[in-house]
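Okay, structure first, notes after.
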There are 2 protein chains.
Amino acid sequence: MSELKPPSFVSAQMVADRAGVSRSAVSRTFTDGASVSEATRRKVLEAADALGYHVNHLARGLRERSNIVCLVVADMTTPIRARMVDVLTRKLQASGKITMVINTETDTESVSAALRQTLNYRADATVVLSGTPPASLIETCISNGQQVILINRDERLQGSSSLGVDNAMAGREALFLLRRAGCERLGLITSNARTASLVEREAVFVEAAAAEGLQVVVTEAGPTSYESGQEAARRVFGRSEAPDGVFCVTDLLALGFMDVARRDFGLAIPDDLCVVGFDDIEQAGWASYQLTTFRQPLNPMADEVVDLLLQPQRAVSERRMIEPIPVWRRSVRPGKR
Amino acid sequence: MSELKPPSFVSAQMVADRAGVSRSAVSRTFTDGASVSEATRRKVLEAADALGYHVNHLARGLRERSNIVCLVVADMTTPIRARMVDVLTRKLQASGKITMVINTETDTESVSAALRQTLNYRADATVVLSGTPPASLIETCISNGQQVILINRDERLQGSSSLGVDNAMAGREALFLLRRAGCERLGLITSNARTASLVEREAVFVEAAAAEGLQVVVTEAGPTSYESGQEAARRVFGRSEAPDGVFCVTDLLALGFMDVARRDFGLAIPDDLCVVGFDDIEQAGWASYQLTTFRQPLNPMADEVVDLLLQPQRAVSERRMIEPIPVWRRSVRPGKR
DNA sequence: TTGAAAGCGTTACCAC
DNA sequence: GTGGTAACGCTTTCAA
């Protein structure tokens, strides 16, 4: 029953009438590189200003590209997600795009609904930060001429571009750091999200440890959060054989883990326990934590997205891998104890 | 030079052709409460599905409301902002709106550019979370039939609706808590942002203290951030007369302040120093901090926004005030030392 | 219930 | 350099 009067925006026709020129002249005035005489231009601008005219991008999008990019994202409050959204919106804007944010859950149904919205609004491109859209819907997007860019997602879907951080490298490097610190009893903390990224970090870490003849105690807590990190620590240090070196697949998990390890179990970091995280969220650098971790290079990633957008032909089924950057802080000893 | 081929979306006409019906029939099939025979409907849906048709909301928005809401926001990575954006996008979506996020700086020029985008995309409404838009532009939005909702902003602009948290209450209550804890030397930490909200929290706190015959040492650090909180602490405790009770106008400031107070100056909280924050960001509840603070009731605020959107007539020049909720944790002593 | 047609605000294309 | 016109995809009259 939305009997709300639709907004009454001023149109090019109104401006034309007031300026005593044609619609076309108005349009040209607002189109880069169109030829309008200085006199006409001035008249138009004056009328437009007086009336408060603004070009209707919706109507423009009817014939050409809409310049809308949809961002499909879940867990927006998570520091790493918030930064991703921040960087992306910023860079997209700078390249003349406008961002529609679709805040979704990670289940397939929600993500599908998000993709349908993307189609409804004729977005030029859809950037997926969370969840795994069904292949069929991605295909629909693509066959409609839309670009689909998946960030840190598992699948390499036909026709979509993929962009992700090198999780394997982080898994290997995390092991190296802990071993160099002289850690003998390794632990890995992960969440129950079972994202491809998280799973890969875990798998590579465990595998690399096995190659050195070491077994890793894997602890899977609840969702990917600070609280789950706490819970994991309670479980881990409640057991007889406690680890002295731990890789948390996410900074948030690491911070919760550290807090409980120190406060509830009296462990000193890095003396009794070394911890490595992943993401390099802002809090990882706070004085209370000084977490050694891997930075997701968000700016380069966003640049890559913009680049993909500007050169769609390059994008098809391409998979770009970006190296995370190790950030050494104080949660891991620089050498053996 | 954007010679990019525009996306080729499937239109209602194509669906009509395939289904052997008219455009109108297709439109009606996708319009709630329109009368279509079951047979036609089925034919249309089948064709639409086969073709991957999705109603073009851009074209629809040409005649009626666009259902687009623009969110103008700065400092998106700040936990409190991230949560605001999260809650708002969620609730707006639930009420059938789609959110365009415009990530802006707080200077007037950037905010103006954001408002112009809002007009360009024919948003039904603009929600301003950051910065102060010039009155003239707000007027343009409103005269174009757009709704403008300012959240935690200073101005009460003609025709716009305003929504904010009761800063005065927080200032008064913060003083009460510190006094009850027996604090004698009061400090206030703020940033150089000089936002109306921050200024008000400061002013009320200082004034309430004056009413009790106490002088407050005000320290203004850099931008509103963790680092500024650290900087403030270094300055405050470098002086001869250090405070024993501090109100930080923002949690982020408080957390940085606490870290330096404890680690660099060996102060015990709340024994040597009591700290009160504002916002109740997630980190305020972390074990390392346990900050006593005031929660911004984000859900009620977002509900209010949605409500305003659905009943525009109610909105005109209305100013709604929402009470922040005190959250007692461990950074303030429950009673005198 | 259905289809034809008008109109929404643009921009691209054509004449002039 | 300028104005008219078609086209974009939709919803909403209006007749049938």
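Here is how names work: the chains are called A, B, and so on, in the same order as the sequence lines, proteins then strands, and each is numbered from 1.
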(message) So for Arg122(A) and dG9(D), does any side-chain atom that can act as donor or acceptor lie under 3.5 Å from a complementary atom in the base?
(response)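 Flag unset: no donor-acceptor pair detected.
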(message) Tell me whether the side-chain N or O atoms of Ser24(A) pair up with the base of dG4(D) as donor and acceptor below 3.5 Å, since no angle test is needed here.
(response)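 Checked by distance alone, the answer is yes.
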(request) Report yes or no: do Thr126(B) and Thr118(B) form a side-chain donor-acceptor pair below 3.5 Å? (result)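 The answer is yes; a qualifying pair exists.
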What nucleotide among [options] has an atom nearest to a side-chain atom of [X]?
X: Leu62(A); options: dG9(C), dG1(D), dT2(C); result: dG9(C)
X: Val36(A); options: dT10(C), dT2(D), dC10(D); result: dT2(D)
X: Arg60(B); options: dT13(D), dC10(D), dT11(C); result: dC10(D)
X: Arg63(B); options: dC8(C), dT11(C), dA12(C); result: dC8(C)

In this structure, how many angstroms lie between the [atom2] atom of [N] and the [atom1] atom of [X], rounded?
X: Gln13(A); N: dG3(D); atom1: CD; atom2: C1'; result: 11 Å
X: Arg65(B); N: dG9(C); atom1: CZ; atom2: C1'; result: 18 Å
X: Phe9(A); N: dT10(C); atom1: CZ; atom2: C1'; result: 15 Å
X: Arg23(B); N: dT13(D); atom1: CZ; atom2: P; result: 16 Å
X: Glu64(A); N: dG9(D); atom1: CD; atom2: C1'; result: 15 Å
X: Leu58(A); N: dG7(C); atom1: CG; atom2: C1'; result: 16 Å
X: Asp17(A); N: dG3(D); atom1: CG; atom2: P; result: 12 Å
X: Asn120(A); N: dT11(D); atom1: CG; atom2: P; result: 10 Å

(message) Taking the ring centre of each residue, are Phe30(A) and Tyr53(A) less than 6.0 Å apart?
(response)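 Here the rings of Tyr53(A) and Phe30(A) have centres that are less than 6.0 Å from each other.
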If the cut-off is 4.0 Å, is [X] near the phosphate of [N], judged by side-chain N/O to OP1 or OP2?
X: Ser22(A); N: dG4(D); value: no
X: Ser35(A); N: dT2(D); value: no
X: Tyr53(B); N: dC10(D); value: yes

(message) With nearest nucleotide decided by heavy atoms, which residue, Ser27(A) or Ala39(B), maps closer to the 5′ end of DNA chain C?
(response)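 It is Ala39(B), whose closest nucleotide lies nearer the 5' terminus.
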(message) Heavy-atom nearest nucleotide on DNA chain C for Ser11(A) versus Arg41(B): which residue maps closer to 5'?
(response)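 Between the two, 5'-proximity favours Arg41(B).
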(message) For Glu46(A), I'd like to know if atom CD has over 12 heavy atoms of other residues, nucleotides or ligands within 6.0 Å.
(response)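 Atom CD in Glu46(A) is not packed in, count stays at 12 or less.
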(message) Which residue is it: Val36(A), Thr29(A), Val21(A), Val26(A)? I am looking for the one with a side-chain contact (heavy atoms from CB on, under 4.5 Å) to Lys43(A).
(response)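 Per the side-chain contact (heavy atoms from CB on, under 4.5 Å) rule, the option paired with Lys43(A) is Val21(A), out of Val36(A), Thr29(A), Val21(A), Val26(A).
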(request) Tell me what Val26(B) touches on the nucleic acid: a base, only sugar-phosphate, or nothing, going by heavy atoms under 4.0 Å. (result)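 Since no nucleic acid heavy atom lies under 4.0 Å of Val26(B), the category is nothing.
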(request) Identify whether the distance between the nearest side-chain nitrogen and carboxylate oxygen of Arg319(A) and Glu304(A) falls below 4.0 Å. (result)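 Looking at Arg319(A) and Glu304(A), the cut-off is not met.
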